[in-house]
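Below is one structure, written out as structure tokens; the observations come after it.
The analysis underlying the following values was restricted to heavy atoms, covering all of them including side chains, and did not include hydrogens, waters or symmetry mates. Counting convention: from 1, in listed order, for ligands and their atoms alike.
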Amino acid sequence: MKFFKSEKKQGYTIIIGCGRLGANLANTLSDIGEDIIIVDINKSSFRKLSPSFGGMTILGDASEVSVLIDAEIEKAAAVISVTNNDNTNIMIAQIAKEFFNVPHVIARLYDPEKECVYKEFGIETICPAVLSLKEIDKLLSLGQTETEEDDKAE
Ligand code: AMP
């Protein structure tokens, strides 16, 4: 997968949660030269970072404002909250947006019903269930088109 470095972006990106998604994102962004700070409550989660990861790690509960201050959130260009807890992600996103005026805030939400609510607060949300649904729909309609073309060819 390709990520493009934003030319406009200055400052660094804070990723909250070094799990399957967070670590992958941190490795990928670090590889293209972005400055990354990644926070996790669990020390062993940092093992998912690749040896080439050039960012900083902070061990702590990111729902505590003191941990976000340690990560110098006031200087961040983006905060991406991808812990495995929707409420934690939303709380962190709201703190980042409202108290620290972080320009770009993204939260992962497992519950699709919460997605539209938080869009109203200017928080961008990523919902794996909704994305999966779109991909499945795309694959199914692709399969359908192929079957129709096979029928025409016969
Ligand atoms: P995954 O479900 O694989 O995307 O992993 C989620 C990650 O979020 C795990 O590594 C957790 O340790 C981490 N996590 C969960 N709650 C917090 C929190 N309050 N602060 C920081 N990291 C957290």
Side-chain angles (χ1 to χ4, degrees), residues 1-6 8-140 142:
M1 184 180 293
K2 263 191 187 161
F3 268 80
F4 296 98
K5 194 174 164 74
S6 154
K8 274 188 280 170
K9 204 172 87 186
Q10 286 183 332
Y12 52 87
T13 300
I14 300 177
I15 298 171
I16 312 290
C18 192
R20 289 155 291 187
L21 177 57
N24 231 308
L25 190 62
N27 290 333
T28 309
L29 292 177
S30 173
D31 282 350
I32 60 165
E34 295 276 354
D35 294 324
I36 306 296
I37 293 183
I38 186 154
V39 183
D40 203 288
I41 200 168
N42 197 334
K43 196 176 173 188
S44 64
S45 298
F46 296 125
R47 282 199 229 123
K48 295 185 194 77
L49 292 171
S50 71
S52 63
F53 176 72
M56 203 174 126
T57 57
I58 292 182
L59 181 63
D61 181 349
S63 60
E64 287 176 15
V65 178
S66 60
V67 172
L68 298 174
I69 290 171
D70 282 348
E72 296 195 73
I73 190 171
E74 76 281 0
K75 294 187 202 152
V79 169
I80 305 170
S81 193
V82 289
T83 75
N84 45 354
N85 185 306
D86 281 5
N87 293 335
T88 303
N89 292 338
I90 280 304
M91 193 181 86
I92 291 167
Q94 280 180 317
I95 292 172
K97 191 97 209 160
E98 283 163 33
F99 291 122
F100 294 100
N101 284 317
V102 177
H104 210 159
V105 177
I106 303 172
R108 170 172 65 183
L109 290 179
Y110 283 116
D111 183 354
E113 286 184 14
K114 289 181 188 157
E115 205 184 16
C116 51
V117 178
Y118 294 105
K119 278 204 168 128
E120 286 171 21
F121 294 120
I123 294 165
E124 287 171 84
T125 53
I126 295 290
C127 186
V130 174
L131 294 179
S132 305
L133 211 69
K134 285 183 189 157
E135 273 307 299
I136 290 168
D137 185 43
K138 209 157 77 185
L139 291 174
L140 287 177
L142 206 79

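- When each of Ile92, Val67, Ile80, Asn89 is paired with Ile16, the side chain to side chain contact (heavy atoms under 4.5 Å, CB included) condition holds for Ile92 and for no other.
- Note that the OG atom of Ser81 and the CD atom of Gln94 stand 11.0 Å from one another [nearest 0.5 Å].
- A donor-acceptor distance shorter than 3.5 angstrom exists from the side chain of Ser30 to the backbone of Gly54, with no hydrogens or angles considered.
- Evaluated for a side chain to side chain contact (heavy atoms under 4.5 Å, CB included) with Leu109, the options Ile123, Asn87, Ile90 yield exactly one hit, Ile90.
- Under the 3.5 Å distance criterion, the side-chain polar atoms of Asp40 are left unmatched by any main-chain donor or acceptor of Ser45.
- Ile15 pairs with exactly one of Ile36, Ile37, Ile106, Val79 by the side chain to side chain contact (heavy atoms under 4.5 Å, CB included) rule, that one being Ile36.
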Any protein N/O atoms within less than 3.5 Å of an N/O atom in ligand 1? List the atom names and distances, or say none.
from, atom 1, to, atom 2, distance (Å)
ligand 1, 2 (O), Arg20, NH2, 3.1
ligand 1, 3 (O), Arg20, N, 2.9
ligand 1, 3 (O), Arg20, NE, 2.8
ligand 1, 3 (O), Arg20, NH2, 3.3
ligand 1, 4 (O), Arg108, NH2, 2.9
ligand 1, 10 (O), Asp40, OD2, 2.7
ligand 1, 10 (O), Ser45, OG, 2.9
ligand 1, 12 (O), Asp40, OD1, 2.6
ligand 1, 19 (N), Asp61, OD1, 2.8
ligand 1, 20 (N), Ala62, N, 3.0
ligand 1, 22 (N), Ile41, N, 3.2

